[in-house]
There are 2 protein chains.
Amino acid sequence: MDEYEGLKLENQLCFPLYACSKELVRRYQPFLDEVELTYTQYIAMMVLWQREKINVKSLGELLYLDSGTLTPLLKKLESKGYVSRVRASEDERVLNVALTDKGRELKQRAKSIPPRIAGCLGLSETEAKTMYALLYKAIGNLRAEQ
Amino acid sequence: MDEYEGLKLENQLCFPLYACSKELVRRYQPFLDEVELTYTQYIAMMVLWQREKINVKSLGELLYLDSGTLTPLLKKLESKGYVSRVRASEDERVLNVALTDKGRELKQRAKSIPPRIAGCLGLSETEAKTMYALLYKAIGNLRAEQ
DNA sequence: CGCAATCTAATTGTGTACAATTCAAAGCGA
DNA sequence: TCGCTTTGAATTGTACACAATTAGATTGCG
């Protein structure tokens, strides 16, 4: 147990977290290609499929993404015809993003993705629930202390 | 329980994984700024601190990164003077990356990072171990089925 | 009212990520 | 040995991520 033990890759929790996240996103890609979305575009669409309309700030809070990421991404979704981007008349600083009919249709085609992905992680129901709880606990702590 | 249940953000395991990974990397940044490394550069240096020398292919296998990511990253580490990049004489296709004295010094300054990060996740020893095991199990499964 | 402080997006710049392609070196079979 | 295949990096192109800054709109306070 030397003084550099903490600097070994295998003693880090961050590295497998980072690696697992990337690998899973990579696994999504073939399925997402079918609906011509990237992973980030997909999670943005997921929010809209549930809420129909949201402003950029709220979307960023939900996805933990900032405007530097969302602005170009939403412009791309708009150019594909899946969302509209309209300034709020009550407050011109706010940009509302809303689902279009074409974006709503996409939901139909996307609904087969989650069940097909589910098996890739190879975790039992219990393990998945445990992981889920730990991840949200960690996210809460990471954000709580600023 | 409608047919779109799977498309809700809160029913995904991928999203908290993705979010937690990003948030934790973000938490590293202030500490990594002290040694002027990005997170990806840091994990590459961690490998070198343990192994002194490695070729690009092996490094990519360890970190789950490809040459498109590693080539510019290693050039940057070379320009900072932390590593050398030399073609293997036995096989000119292979590029060996080795730690320089300056890179070795950096290990001293970096060793305080892991303990300072440790608390951010706010998980108990047991929870961290559970998460660690589940993550490596998932990574194994994600890669096993190609 | 007037204007400074605040708020929300957009922009800019740097650094990943990765698929696909390219290119040179090495291995290999007829 | 000559071509063919394979291999390992590098390159190219697209798409995030995020810090820092900018720009415009709104709010609030004196």
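Every chain is numbered from 1 and lettered A, B, ... according to where its sequence line falls, protein lines coming before strand lines. Quick note: numbers below take in every heavy atom, side chains included, and nothing from hydrogens, waters or symmetry partners.
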_Applying a 4.0 Å non-hydrogen cut-off, can you work out what A:Q41 is touching in the nucleic acid: base, sugar-phosphate, or nothing?_
sugar-phosphate
Across all chains, not counting sequence neighbours, the ring-ring contact (aromatic ring centres under 6.0 Å, His included) partners of A:Y136 are A:Y132
Across all chains, not counting sequence neighbours, the ring-ring contact (aromatic ring centres under 6.0 Å, His included) partners of A:Y18 are B:Y39
Walking DNA chain C from its 5' end, the first of A:Q29 and B:K80 to be reached, judged by nearest nucleotide, is B:K80
Roughly, in whole Å, what's the span from [atom1] in [X] to [atom2] in [N]?
X     : N      : atom1 : atom2 : result
B:I54 : D:dA9  : CD1   : C1'   : 15 Å
B:E61 : D:dG8  : CD    : C1'   : 11 Å
A:D33 : D:dT14 : CG    : C1'   : 13 Å
B:L32 : D:dA17 : CG    : C1'   : 15 Å
B:L62 : D:dG8  : CG    : P     : 15 Å
B:K22 : D:dA19 : NZ    : P     : 10 Å

Between B:N55 and A:T40, the residue closer to the 5' end of DNA chain D by nearest nucleotide is B:N55
Within residues 84-99 of chain B, those residues having any heavy atom closer than 4.0 Å to DNA chain C are B:E90, B:D91, B:E92, B:R93
Q. Once the angle between the rings of A:F15 and B:Y64 is folded into 0 to 90°, is it parallel (under 30°), tilted (30 to 60°) or perpendicular (over 60°)?
A. parallel
In the 5' to 3' direction, the nucleotides of DNA chain C bounding the stretch that comes under 4.0 Å of a heavy atom in chain B are C:dG15 to C:dA26
Going by the rule side chain to side chain contact (heavy atoms under 4.5 Å, CB included), which residues pair with [X] if we only count those two or more places apart in sequence or in a different chain?
X      : value
B:A88  : B:E90, B:V94, B:N96
B:E105 : none
B:S67  : B:T71

In numerical order, the residues of residues 63-74 of chain B whose heavy atoms come under 4.0 Å of DNA chain D are B:S67, B:G68, B:T71
* Can you check whether B:K57 has a side-chain N or O nearer than 4.0 Å to OP1 or OP2 of D:dG8? -> yes
Among residues two or more places apart or on two chains, list those pairs meeting salt bridge (charged side-chain N to carboxylate O under 4.0 Å, His left out) that have a residue in [range].
range                       : result
residues 109-128 of chain A : A:E34-A:R116, A:K111-B:E3, A:E125-A:K129, A:E127-B:K137
residues 39-59 of chain B   : B:E52-B:R104, B:K57-B:E61
residues 65-81 of chain B   : B:E78-B:R85

Quick note, ring-ring contact (aromatic ring centres under 6.0 Å, His included) partners involving residues 75-95 of chain A, not counting sequence neighbours, are none
Walk me through whether A:N55 and A:L95 qualify under side chain to side chain contact (heavy atoms under 4.5 Å, CB included). CA-CA 5 Å; A:N55 62 62; A:L95 183 76; 6.0 Å; no
